[in-house]
Amino acid sequence: MIHKDWTERKTLKKVKCVHTNAKKYMVNHMLTEEKVYDVKNETEEFYFLIDNSGRIGGYYKDYFVEVND
């Protein structure tokens with residue numbers, strides 16, 4: 001039940017959104033290009049992060065690049 005406390009979990013890494021050109025879904029409402037987001041969980045295909053709505057969302061990794069602190 002990891003999803004119940006994602007917002008309080010420690011950040012795994014930071015990623016920067018490089019584009020919002022989705023083929024199937026409208027992600028430009030939830031992501032902002034050039035904005036840095038905190039990744040709370042990840043799988044092979046998705047990052048789970050706190051998006052512009054203030055809630056956790058899962059997005060394909062191809063929208064992002066990793067940011068080194």
Less than 4.5 Å apart, side chain to side chain, heavy atoms only: is that true for [X] and [Y]?
X	Y	result
Val18	Glu33	no
Val67	Val15	no
Glu66	Lys14	no
Asn41	Arg9	no

*Measure across Leu49 and Val39 and return the closest heavy-atom pair with its distance rounded to 0.1 Å.*
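That would be CB-CA, 4.3 Å.
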*Does Glu34 have any side-chain hydrogen bond (donor to acceptor under 3.5 Å, both in side chains) partners at least two apart in sequence or in another chain, and if so, which?*
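With sequence neighbours excluded, Glu34 shows a side-chain hydrogen bond (donor to acceptor under 3.5 Å, both in side chains) to Lys16, given in chain and number order.
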*Could you walk me through whether Lys40 and Thr11 pass the side chain to side chain contact (heavy atoms under 4.5 Å, CB included) check?*
CA-CA 5 Å; Lys40 299 298 183 173; Thr11 300; 3.3 Å; yes
Review item, side-chain donor-acceptor pairs of residues 56-65, under 3.5 Å, at least two apart:
{"residue": "Tyr59", "atom": "OH", "partner": "Asp51", "partner atom": "OD2", "Å": "2.5"}
{"residue": "Lys61", "atom": "NZ", "partner": "Glu42", "partner atom": "OE1", "Å": "2.7"}
{"residue": "Lys61", "atom": "NZ", "partner": "Thr43", "partner atom": "O", "Å": "2.9"}

*Any side-chain donor near an acceptor of the partner, Tyr37 and Asn52, under 3.5 Å*: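 The criterion, which ignores hydrogens and geometry beyond distance, is satisfied for Asn52 and Tyr37.
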*Can you tell me how far CE of Met26 sits from CG of Leu31, rounded to the nearest 0.5 angstrom?*
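Leu31 CG to Met26 CE: 12.0 Å, rounded to 0.5 Å.
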